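Written out below as structure tokens is the structure these notes cover.
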There are 2 protein chains.
Amino acid sequence: MDTALRLLNEVGLEGLTLRTIARELDVKAPALYWHFKDKQALLDEMATEMYRRMVAGTALDPDDTWRERLLKANRGLRAALLGYRDGARVFSGSRFTGTEHAEQMEDVLRLLTAAGLTLAQAARATSTTYLYTLGFVTEEQGVQPLPGERREGYDMDERARLLADFPLAAAAGAEIFADYDRHYEEGLALLIAGIGAQYGID
Amino acid sequence: MDTALRLLNEVGLEGLTLRTIARELDVKAPALYWHFKDKQALLDEMATEMYRRMVAGTALDPDDTWRERLLKANRGLRAALLGYRDGARVFSGSRFTGTEHAEQMEDVLRLLTAAGLTLAQAARATSTTYLYTLGFVTEEQGVQPLPGERREGYDMDERARLLADFPLAAAAGAEIFADYDRHYEEGLALLIAGIGAQYGID
DNA sequence: AGTAGCACTTAACAGCGTTAAGGAGAGTGC
DNA sequence: GCACTCTCCTTAACGCTGTTAAGTGCTACT
């Protein structure tokens with residue numbers, strides 16, 4: 001897992017072949033089949049390990065308000081996904097192998113229901129923020145594989161030229177394809193404001 | 001494009017090989033390279049065509065309120081993505097080839113700014129709802145490739161057994177992995193409520 | 001009649017995930 | 001001390017993938 005995750009950051013999801021991983025481990029590719037049923041099982045395990053490291057790296061306070069908790073949990077998730085090239089795609093294409101993820105979820109749901117939400121509302125709130133975060137980072141990593149790098153084909157000047165006939169869309173694009181940190185926060189704030197308003201809690 | 005999109009629904013993104021498409025067209029695989037630079041260019045064109053059909057299939061009223069417009073546009077997007085197996089993954093892994101998509105975007109932005117939002121706010125509102133919808137459908141299609149079908153490995157009974165120690169998470173899961181239509185609407189409503197509240201418009 | 005360009009074929013390449021068969025080495029039971 | 005079992009790996013191969021190179025008819029124009 002350690003080798004696979006390190007390699008993921010170097011070569012990306014597309015370059016992450018069984019032969020590459022095996023070579024890094026001084027082993028031949030079929031040897032991996034002793035440890036994993038197939039490549040998907042390996043990716044599942046990678047996603048689970050990413051999640052484990054995320055939980056370990058996110059400090060959660062039991063006295064968080066529901067707003068604080070949703071903010072922290074989702075920021076933590078985004079940070080974890082951004083820590084790996086194609087992190088969001090690996091994540092959303094895989095399933096967790098254990099039940100550890102349920103632990104944090106249980107905790108969040110307990111906190112949200114204690115704050116006055118019904119279970120259904122709490123589930124909707126966590127799920128919606130989760131899906132937003134995942135969608136956001138997926139797009140973000142499509143443009144910016146690792147913080148600092150930029151994928152080719154996203155030339156903003158050319159985009160501006162092409163969209164000359166659509167001034168609002170052109171200006172909005174400049175807005176959208178830059179400063180991801182701030183824009184993520186704004187979107188998340190919208191969602192949390194919506195939860196408060198719609199479910200009548202603060 | 002027509003053949004490729006039809007085939008996508010039959011065999012899924014994984015089964016959509018150049019040889020399959022070529023066979024369906026009574027042609028050999030390398031012939032496709034006369035028309036497309038590479039497979040990604042073909043996928044980009046497929047995504048663009050999906051978008052075109054979406055626009056054609058979504059009735060937009062110029063007198064929509066901003067809430068109606070955001071609802072319609074995102075429902076239309078979800079419906080379009082659900083119309084193709086792995087639609088969301090094709091979509092988020094590709095880039096539009098033309099500038100047609102800017103037209104609808106321009107329209108939405110004009111409507112939102114006319115309703116009292118700044119351009120930055122309008123961009124944030126559209127982008128956040130878009131990313132939510134994309135994230136939602138990506139997960140939805142991971143469980144349910146086409147409406148009616150269900151991917152294997154999502155046995156709710158077994159899930160309930162595994163999560164016996166986490167009653168809230170178990171109950172929330174039953175909530176989350178079913179009735180996608182309703183849950184999508186609820187999440188979208190949360191977001192739109194948040195936009196109204198945060199930006200002080202109705 | 002000759003030339004240019006279009007749309008295609010055949011052949012091949014390296015690389016992919018995966019399977020089958022077998023082998024070295026440690027540990028256990030008699 | 002020998003046989004057996006289990007673990008972890010290797011070698012060889014399979015069918016498949018996207019992609020390139022080279023060549024082949026066909027149409028249209030000069």
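Each chain gets a letter, A, B and so on, in the order its sequence line appears, and its residues count up from 1. Only a predicted model underlies this, so the values are computations on that prediction, with no experimental measurement involved.
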- prompt: salt bridge (Lys or Arg N to Asp or Glu O under 4.0 Å) between E185(A) and R75(A): does it pass, once the steps are laid out?
  reply: CA-CA 8 Å; E185(A) 286 295 327; R75(A) 282 175 185 156; 2.8 Å; yes
- prompt: Is any side-chain heavy atom of R78(B) closer than 4.5 Å to a side-chain heavy atom of Y132(B)?
  reply: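 Not in contact.
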Rounded to the nearest 0.5 Å, what separation is found between the [atom1] atom of [X] and the [atom2] atom of [Y]?
{"X": "L146(B)", "Y": "D86(B)", "atom1": "CG", "atom2": "CG", "result": "8.5 Å"}
{"X": "T133(A)", "Y": "L131(B)", "atom1": "OG1", "atom2": "CG", "result": "10.0 Å"}
{"X": "L60(A)", "Y": "E68(A)", "atom1": "CG", "atom2": "CD", "result": "11.0 Å"}

Just how far, in rounded Å, is [atom2] of [N] from [atom1] of [X]?
{"X": "Q40(B)", "N": "dT17(D)", "atom1": "CD", "atom2": "C1'", "result": "15 Å"}
{"X": "W34(A)", "N": "dC6(D)", "atom1": "CH2", "atom2": "P", "result": "10 Å"}
{"X": "L32(B)", "N": "dT17(D)", "atom1": "CG", "atom2": "C1'", "result": "14 Å"}
{"X": "E14(B)", "N": "dC16(D)", "atom1": "CD", "atom2": "P", "result": "15 Å"}
{"X": "K28(B)", "N": "dG23(D)", "atom1": "NZ", "atom2": "P", "result": "20 Å"}
{"X": "L42(B)", "N": "dT19(D)", "atom1": "CG", "atom2": "P", "result": "10 Å"}

field: Residue among Y130(B), F96(B), Y84(B) satisfying ring-ring contact (aromatic ring centres under 6.0 Å, His included) with Y51(B)
entry: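 The option that passes is F96(B).
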message: Under 4.0 Å from OP1 or OP2 of dC9(D): is there any side-chain N or O of H35(A) that close?
response: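 So the side-chain polar atoms of H35(A) do come within 4.0 Å of the phosphate oxygens OP1 or OP2 of dC9(D), strictly under.
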message: Taking any atom closer than 4.0 angstrom to a non-hydrogen atom of chain B, what span of DNA chain C does the protein reach, first nucleotide to last?
response: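 That gives a stretch of dC6(C) to dA12(C).
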Of residues 18-26 of chain B, the positions that come close to DNA chain D - non-hydrogen atoms, cut-off under 4.0 Å: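 Listed by number, they are L18(B), R19(B).
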Residues, nucleotides or ligands: over 12 heavy atoms within 6.0 Å of E149(B) CD: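 Atom CD in E149(B) is crowded, with more than 12 foreign heavy atoms closer than 6.0 Å.
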message: Side chains of T3(A) and E24(A): any donor to acceptor distance under 3.5 Å?
response: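 No, because no side-chain N or O of E24(A) sits under 3.5 Å from a partner of the opposite role on T3(A).
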- prompt: Hey, are T118(B) and Y199(B) close enough side-chain-wise for a donor-acceptor pair under 3.5 Å?
  reply: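 Their side chains do not contain a donor-acceptor pair, so the 3.5 Å distance test is not met.
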Along DNA chain C (nearest heavy atom to each residue), the more 5'-positioned of G15(A) and P30(A):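 That would be G15(A).
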